[in-house]
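From a predicted model like this one, the values you see are computed outputs, not experimental measurements. First listed ligand is number 1; within each ligand, the first listed atom is number 1. Scope of the values below: all heavy atoms of this structure, side chains included, with no hydrogens, waters or symmetry mates.
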Amino acid sequence: MIDLRSDTVTQPTEEMRAAMANAVVGDDVYEEDSTVNLLQELAAYQLGKEAALFVPSGTMGNLAAILTHCRRGDEVIMGDQAHTYVYEVAGMSALGGVMPHTVPNQSDGTLKLDDIRSAIRGKDVHFPDTRLIVLENTQNRCGGVVISPEYMEAVGNIAREHNLKLHVDGARIFNAAVKLGVTPETLVKEADSVTFCLSKGLCAPVGSVLCGSAELIKEARRIRKQLGGGMRQAGILAAAGIYALENMVDRLAEDHARALKLANGLATIPGITLRPGSPHTNMIFIELDAVIEKPLHQIQAELKANRVLVGGSGLYGFRLVTHYWITDQDVDEAIHMFEKVLSSEVV
Ligand code: TLP
């Protein structure tokens, strides 16, 4: 299968599996797993933070961060296209009593600074306390778009001026850093916390890391335990994460280049329109023109019958994501299969 549904489908490489098999492990709830400890040190160092916490998923990392920053009844400002808002099962509200206050994501993934400012509540007996701002980099639903260090800093300044915290959902922060040619640290300087994922483009089978101050991570460790995310001999998994951070970051540029090649090929097929600016990193968003009468799910099924898996995006489109296991040949094949499946449709 040529699986373009997400970079979450990546399987560990042979070398990564060997690192996992040979990992020294201990009980991480006692903080005695030296491989987990090493991953956390490495992650904190790379993100320029004091400390880090290995968590089972990006969703848990974001939730642990929000629950650490906020109390019940607090409000969090985030984009209406934020993964934390759209795809995290309302965990912050269900488990933490925290209310999202959404402002529109612009097509470049940012939130207007004035929208953020006007979403911040004043002190009033009627209002919840605004506690936190959440940004996402790269911004998934806006196209895997990269947010600049200057913008991150501008939002950081607003947070500080209003005594708020800033959390970055950096599930794909390494894609952003590679694309911009900067260190991930540069992108999250202003952030009080950042989550990044090992199990997306970096190819690890499981895991994300939450980074922040030593004090924040100490509290997040309690919250992780409360959420049932305290793991035992997790060094088996952390070993894949260490391998990923040491070997899989720079090569993300290859995924970006293949995404561009795939996008250029798809754009030549009648009936397909690329979302403006797509791709920014490893995600391609396409829309099908009205001339295509086949329903989306049928096109998806026909592509699948031809070994190509793609994800749906909205009513008329697809998302395709490149990653370690997508080769140049796969890109050519996927373009060919789109041509084949759509050819009978366009007169
Ligand atoms: N994103 C997944 C799906 O959940 C949509 C994907 O296929 O892109 N933040 C961002 C920006 C993400 O894209 C994701 C996963 C997460 C957090 C959650 O990570 P996991 O899946 O590890 O909980």
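- Expressed to the nearest 0.5 Å, how far CD of E287 lies from CG of D289 amounts to 9.0 Å.
- Among I147, I77, L111, the one residue that satisfies the side chain to side chain contact (heavy atoms under 4.5 Å, CB included) test with L135 is L111.
- Taking a 4.0 Å cut-off on heavy atoms, R172 registers as neighbouring ligand 1.
- Residue-ligand proximity, T59 to ligand 1, at heavy-atom distances under 4.0 Å covers atoms 18 (C), 19 (O), 20 (P), 23 (O).
- For H162, the NE2 atom counts as densely surrounded, since its 6.0 Å shell holds more than 12 non-hydrogen atoms of other residues, nucleotides or ligands.
- Of the candidates P56, G58, C197, the one placing a heavy atom closest to atom 22 (O) of ligand 1 is G58.
- At least one N/O-N/O distance between D169 and ligand 1 falls below 3.5 Å.
- Salt-bridge formation is detected for the pair K294/E302: a Lys NZ or Arg NE/NH1/NH2 atom is positioned less than 4.0 Å from an Asp or Glu carboxylate oxygen.
- Remark: among candidates K200, R319, R5, H83, the nearest residue to atom 6 (C) of ligand 1 is R319, based on non-hydrogen atoms.
- The shortest N or O to N or O distance between N140 and ligand 1 is below 3.5 Å.
- In this structure, E88 has a heavy atom closer than 4.0 Å to ligand 1.
- Within ligand 1, counting atoms from 1 as listed, the ones closer than 4.0 Å to a heavy atom of S6 are 6 (C), 7 (O), 8 (O).
- Under a 4.0 Å N-O distance rule, the pair D332/K261 qualifies as a salt bridge.
- E136 OE2, 3.3 Å is the protein heavy atom nearest to atom 11 (C) of ligand 1.
- Taking a cutoff of 4.0 Å between a charged side-chain nitrogen and a carboxylate oxygen, R172 and D7 qualify as a salt bridge.
- The backbone and the side chain of S57 each have at least one atom closer than 4.0 Å to an atom of ligand 1 (non-hydrogen atoms only).
- E254 CD to N282 CG: the interatomic distance, rounded to the nearest 0.5 Å, is 12.5 Å.
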